[in-house]
Amino acid sequence: MGFRKDFIWGAATAAYQIEGAAFEDGKGLSVWDTYSNTPGKVFGNHTGNVADDHYHRFREDVALMAKLGIRNYRFSLSWPRILPEGTGEVNPKGIAFYNALIDELVAHGIRPFVTLFHWDYPQALENRGAWLNPESPKWFEAYAEVVAKAFGDRVKDFIPFNEPQCFLGLGYQIGRMAPGVQRVDAEVVPMVHNALKAHGLAVQALRRLVPDCRVGYAPCGGPGIPATDSLEDIEAARKAYFNVPEQAWVFSVPVWSDPVLLGTYPQELLDRLGKYLPRGWEDDLEHIIHQKLDFYGQNIYNGDVYRAAENPQGWEKVEYPAGHPKTAYNWPVTPEALYWGPRFLYERYKTPIIITENGLSCHDAVSLDGAVHDPNREDFLHRYLLAYRRAAEDGVDVRGYFQWSFMDNFEWGNGYGERFGIVYVDYATQKRTPKDSAYWYKTVMESNGENL
Ligand code: NOJ
């Protein structure tokens with residue numbers, strides 16, 4: 001027993017984080033171009049203008065992937081590279097770039113998993129109100145149609161959204177990521193609704209135009225981990241995981257996943273904020289938003305521990321003890337998140353699970369011997385994968401795992417200050433060096449996780 005025979009092993013990236021060529025070949029601006037080129041927004045004033053220069057080096061990168069045994073690659077398309085104004089005229093050079101990338105992947109036996117939107121929203125549409133504009137779902141639908149028609153002959157696995165919690169919550173509520181604005185709930189609620197409608201329309205468009213495709217999702221949210229194996233603590237962790245917090249409600253799992261997979265908004269959201277939903281929302285839920293998915297993708301990096309408590313909510317958070325292991329980004333190391341997350345999600349949404357992102361940043365450097373030794377990454381991935389395998393063995397329908405990230409890249413507000421890759425990138429020379437973990441991960445993929 002272990003992972004199923006056809007388990008999907010892979011690695012992931014996103015357009016803005018690796019491509020560069022931000023102002024080349026007719027690409028339109030995204031909110032991240034604007035934001036990162038505004039002084040003071042990103043650590044060290046780093047930008048994605050060049051990033052990993054993947055736009056010019058994709059052949060080298062795909063060859064390296066193949067050499068490192070990667071058979072499945074999740075990457076995103078830059079919406080404004082394809083549609084410079086976000087809607088309307090298509091940029092032929094943008095299409096040509098992705099055609100060449102996809103062809104290169106297929107030629108190397110690598111299956112493409114395409115994310116349509118990984119945060120680099122077209123600036124032109126931002127200027128028209130972004131997700132607040134009632135037309136915004138249609139814009140995304142039209143973009144999905146262009147993608148389906150251009151690439152659907154070779155791409156069969158699609159993920160419309162990456163972490164909607166973050167592009168809306170961090171982008172428009174907390175204002176800590178592009179476009180960096182702070183809106184009130186009366187605006188954020190309709191934005192969420194429009195984004196969910198956009199998702200639903202995109203799923204329908206992809207299925208209409210690529211009938212043999214598979215469509216998933218890649219939201220986020222740190223799983224609840226029970227403090228002990230008692231039924232009470234398990235229930236406490238489950239409740240906490242699917243709770244809709246009063247302040248950080250945009251970041252919760254059920255706000256984004258219940259509508260799509262269950263066809264309902266969580267009752268807490270309706271009670272508190274339902275008054276801000278646009279007219280006709282029930283109809284939208286039923287006819288557009290509620291869409292069966294082929295896989296429930298989830299990005300998981302860490303979780304929080306909970307135990308049962310005698311308070312109205314029935315749970316309380318347990319703080320990690322002093323000295324608890326953490327990553328270079330100061331994120332706690334919590335392998336159990338890859339057991340309880342998939343298990344709780346599968347119980348609630350009854351949809352096969354793929355981990356669409358998991359990994360960590362380490363203090364990586366090229367050693368005197370020319371290699372990049374990253375035992376912490378290997379140990380981290382090993383522990384998380386053991387937990388994930390245990391979920392499989394306990395009957396959770398887990399279908400795949402994408403390590404984040406194939407190579408070091410632009411970590412949003414933290415610029416190049418965090419290294420998540422299994423391939424090291426020297427940004428001055430653009431030299432790629434596979435880290436030790438890349439060679440180790442290759443053996444894991446080859447053995448289908450049997451060597452863990
Ligand atoms: C989530 C995001 O999808 C990805 O873009 C980011 O780099 C990683 N997590 C790490 O923070």
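None of the values given here were measured: they were computed from a predicted structure. Start at 1 and go down the list; that is how both ligands and their atoms are numbered.
Here Phe23 pairs with nothing under the ring pair (Phe, Tyr, Trp, His ring centres under 6.0 Å) rule; sequence neighbours left out. Taking Pro179 as the reference, Val31, Glu126, Tyr172, Val181 meet the side chain to side chain contact (heavy atoms under 4.5 Å, CB included) condition, with sequence neighbours excluded.
Listed by first then second residue, pairs satisfying side-chain hydrogen bond (donor to acceptor under 3.5 Å, both in side chains) with a partner in residues 161-171 read Arg74-Asn162, His118-Asn162, Asn162-Asn299, Glu163-Asn299, not counting sequence neighbours.
Checked against the 6.0 Å centroid criterion, the rings of Phe406 and Phe75 do not qualify as a close aromatic pair.
Of the possible polar contacts, one joining the Asp408 side chain to the Val425 backbone as a donor-acceptor pair under 3.5 Å is found.
Protein residues having at least one heavy atom under 4.0 Å from any atom of ligand 1 are Gln17, His118, Trp119, Asn162, Glu163, Asn299, Tyr301, Trp331, Glu357, Trp404, Glu411, Trp412, Phe420, listed by chain and number.
Taken from OG in Ser30 to CG in Leu125, the straight-line distance is 11.5 Å, to the nearest 0.5 Å.
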